[in-house]
2 protein chains.
Amino acid sequence: MYEEGSDIVTSTIKIGIIGYGNLGHGVEKAIQQNHDLELVAIFTRRSPQTIRSESNLLPISSIDAYKDRIDVMILCGASSKDLPEQGPLYAASFNTVDSFDLHSRIPEYFIAVDKAAKKAGKLSLISIGWDPGLFSLARLLFASVLPEGKSYTFWGKGVSQGHSVAIRRIPGVKQAVQYTVPVPETVEVIRQGAHMELIPRDQHLRICYVVAEDSADTKSIEKTIKEMPGYFADYDTTVHFITEDEFESKHTGMPHGGFVIRSGTTGQAHQQQIEFRLALESNPEFTASVLVAYARAVFRLHQAGEIGARTIFDIPLGYLSPDSPSALRKALL
Amino acid sequence: MYEEGSDIVTSTIKIGIIGYGNLGHGVEKAIQQNHDLELVAIFTRRSPQTIRSESNLLPISSIDAYKDRIDVMILCGASSKDLPEQGPLYAASFNTVDSFDLHSRIPEYFIAVDKAAKKAGKLSLISIGWDPGLFSLARLLFASVLPEGKSYTFWGKGVSQGHSVAIRRIPGVKQAVQYTVPVPETVEVIRQGAHMELIPRDQHLRICYVVAEDSADTKSIEKTIKEMPGYFADYDTTVHFITEDEFESKHTGMPHGGFVIRSGTTGQAHQQQIEFRLALESNPEFTASVLVAYARAVFRLHQAGEIGARTIFDIPLGYLSPDSPSALRKALL
């Protein structure tokens with residue numbers, strides 16, 4: 001930032017990316033929207049020569065040379081197979097931000113990353129994105145300001161990668177996508193302030209678009225999907241068979257979203273309702289935008305002396321903005 | 001909180017209230033919903049004997065005796081006439097939270113409170129509530145995660161006290177209430193992702209319910225309202241004359257709410273939308289609930305050594321909850 005009457009030109013915050021899938025590409029683009037951030041390098045396990053990119057794409061083996069040249073490393077690997085190893089590993093050399101999203105394993109992951117970061121004198125922010133992430137923040141805020149009430153999280157309409165992959169594994173399926181959709185009647189009742197115990201079937205519909213092989217038995221595929229335990233059996237599931245052309249033209253995006261809503265009471269039974277809602281055309285690009293804003297916060301908090309692991313609950317939101325505290329008080333409060 | 005295997009029973013956080021109007025009453029009730037908080041005393045400029053209350057109601061003159069018996073004082077006076085004096089005054093003796101809501105005067109108020117609090121070694125959190133407050137937080141968060149986009153704040157449907165009072169000052173008016181209502185057509189277009197420059201008339205309607213004196217000229221009252229500069233002249237205003245009975249049965253509540261919405265783009269023009277929405281049956285009780293949750297944060301941050309003035313932008317949301325960081329990571333992340 002250049003301040004009037006000052007000769008100081010502050011330097012940019014230097015960002016690195018590990019992993020160049022959908023999320024890594026999203027982070028690359030998000031950095032371009034933030035003029036105080038600079039992308040130094042993207043590290044990949046693949047051979048950089050085989051990948052088209054306008055960024056400085058490097059083999060992961062060269063990462064050690066960048067220890068003092070990157071302020072914050074954004075980890076864009078998969079939560080299931082990459083982050084449990086990469087999180088603690090890179091927290092030992094860099095300030096990091098990641099989107100670790102296996103809710104039940106967050107406590108153990110936090111401990112592993114915290115230990116590595118503390119030992120290295122670095123700061124690591126885990127489980128950033130929108131859920132876990134902004135939705136978690138909404139759940140915490142809502143429960144704190146309306147202690148007598150009930151919160152609900154609805155997801156969709158959006159693509160669930162896990163469910164889409166599960167369908168694609170069925171023999172005879174060429175291509176498939178699954179949309180998670182909130183049940184409209186339930187949403188209506190919850191918005192009216194009702195408190196209910198919801199089972200999965202009450203809350204979300206699963207709508208599948210499937211391209212079958214020419215020779216496939218579509219009745220059998222539909223039955224296999226609808227009865228799949230853990231994925232579809234507990235939901236009302238609809239299966240549409242479509243052509244490859246229709247799939248390519250209408251179902252290759254990655255939209256998602258949803259909302260956290262809490263209805264509660266204060267005083268003499270006054271109803272109060274709070275809602276946080278997202279409608280996203282690109283799930284990975286939005287997640288990436290959240291990671292990038294929080295990378296700015298990590299840089300500043302580490303400069304202020306903080307080390308160890310943190311979650312979204314620990315970060316004052318003022319650190320997310322490129323603007324100064326006094327500018328924020330004037331413009332946004 | 002009582003932890004298994006521990007003999008430690010942590011004591012409650014001791015809260016005081018200055019000012020016993022709608023907001024003070026709301027804080028009194030909100031404290032009852034938070035079992036780790038305890039209301040020690042309410043201080044009023046009126047004569048306590050003349051006021052019915054189940055709490056420990058005391059004259060403001062006795063406040064000095066409570067300097068070491070209250071952890072956080074919640075200031076519930078009016079922003080225009082009370083807080084500019086009370087904020088810095090009580091920041092010199094207590095940790096404080098207030099709802100100072102004159103947006104344009106926040107920077108100077110912050111400086112005055114900061115100076116007093118720093119000198120006293122106390123912590124003061126200013127401008128807490130929902131706007132300024134939670135809506136400010138939404139504006140900051142949304143702009144930070146979607147830097148290329150546009151935010152809008154809509155208020156209502158809700159009662160504007162300022163506009164209601166302005167109508168009541170007109171000769172011939174016995175009673176009046178004004179509802180601020182978002183213009184439905186504009187909301188529709190903004191939710192579809194449009195970016196527009198909005199003038200006041202595009203954004204909100206003003207709907208007034210007026211009880212006139214028997215002898216009053218209602219045509220003249222309606223004209224006076226609709227042409228009132230600063231309050232109504234820039235809006236489409238509707239005036240309904242009603243009976244005193246109808247007023248008493250339907251228009252004595254204090255509902256409010258509204259929403260902050262931002263549409264932006266990431267990557268190759270993917271549309272992303274974020275929204276934070278409130279629907280409140282009691283505006284003062286909800287504001288009070290927010291103040292009380294933030295009082296908990298002030299206590300903890302002061303215990304951690306923080307002094308001076310703060311705003312909602314400076315507070316990690318984890319401090320709002322009575323639960324421990326590890327419990328929050330497990331249950332809400």
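Naming convention: chains lettered A, B, ... in sequence-line order (proteins, then strands); numbering from 1 in each chain.
Proximity to chain B is absent for every atom of A:Ala327, based on heavy atoms less than 4.5 angstrom apart. Looking at A:Phe276, both its backbone and its side chain come within 4.5 Å of chain B, counting heavy atoms on both sides. Contacts between A:Asn34 and chain B at a heavy-atom distance below 4.5 Å involve the side chain alone, from C-beta outward. Neither the backbone nor the side chain of B:Leu291 comes within less than 4.5 Å of any heavy atom of chain A. Neither the backbone nor the side chain of B:Ser326 comes within contact range of chain A; no heavy atom of the residue lies under 4.5 Å from a heavy atom of that chain. Contact annotation for B:Asp101: neither backbone nor side-chain heavy atoms come within less than 4.5 Å of a heavy atom of chain A. Contact of B:Ile111 with chain A is not made at all, since no heavy-atom distance falls under 4.5 Å. No part of B:Ala297 comes within reach of chain A, as not one of its non-hydrogen atoms sits under 4.5 angstrom from that chain. For B:Arg105, no part lies under 4.5 angstrom from a heavy atom of chain A. Proximity to chain B is absent for every atom of A:Ala143, based on heavy atoms less than 4.5 angstrom apart. Both the backbone and the side chain of B:Phe286 come within contact range of chain A, with heavy atoms under 4.5 Å apart. Heavy-atom distances place the side chain of B:Phe142, and not its backbone, under 4.5 Å from chain A.
Counting all heavy atoms, side chain and backbone alike, A:Ala293 lies closest to B:Val145 at CB-CG1, 4.0 Å.
Chosen from A:His25, A:Glu275, A:Lys29, A:His103, the residue pairing most often with chain B at heavy-atom distances under 4.5 Å is A:Glu275. Comparing A:Gln268, A:Glu28, A:Gln33, A:Arg296 by how many heavy-atom pairs each has under 4.5 Å with chain B, the most go to A:Gln33. Counting heavy-atom pairs closer than 4.5 Å to chain B, the top-ranked of the candidates A:Ala138, A:Gly264, A:Pro147 is A:Pro147.
Atom CZ of A:Arg277 is separated from atom CZ of B:Phe259 by 9.0 Å, given to the nearest 0.5 angstrom. To the nearest 0.5 angstrom, B:Phe313 atom CZ is 8.5 Å from A:Leu317 atom CG. For the atom pair CG (A:Leu280) and OG1 (B:Thr266), the distance works out to 8.5 Å, reported to the nearest 0.5 Å. In this structure, the separation between CG on A:Leu140 and CZ on B:Arg329 is 12.5 Å, given to the nearest 0.5 Å. Rounded to the nearest 0.5 Å, atoms CD (B:Gln273) and CG (A:Leu278) are 9.5 Å apart. Here the CG atom belonging to A:Leu137 is positioned 9.5 Å from the CG atom belonging to B:Leu333, to the nearest 0.5 angstrom.
B:Gln271 and A:Glu281 share no side-chain donor-acceptor pair at under 3.5 Å.
Counting non-hydrogen atoms of neighbouring residues, nucleotides and ligands closer than 6.0 angstrom, the NZ atom of A:Lys115 reaches no more than 12 such neighbours.
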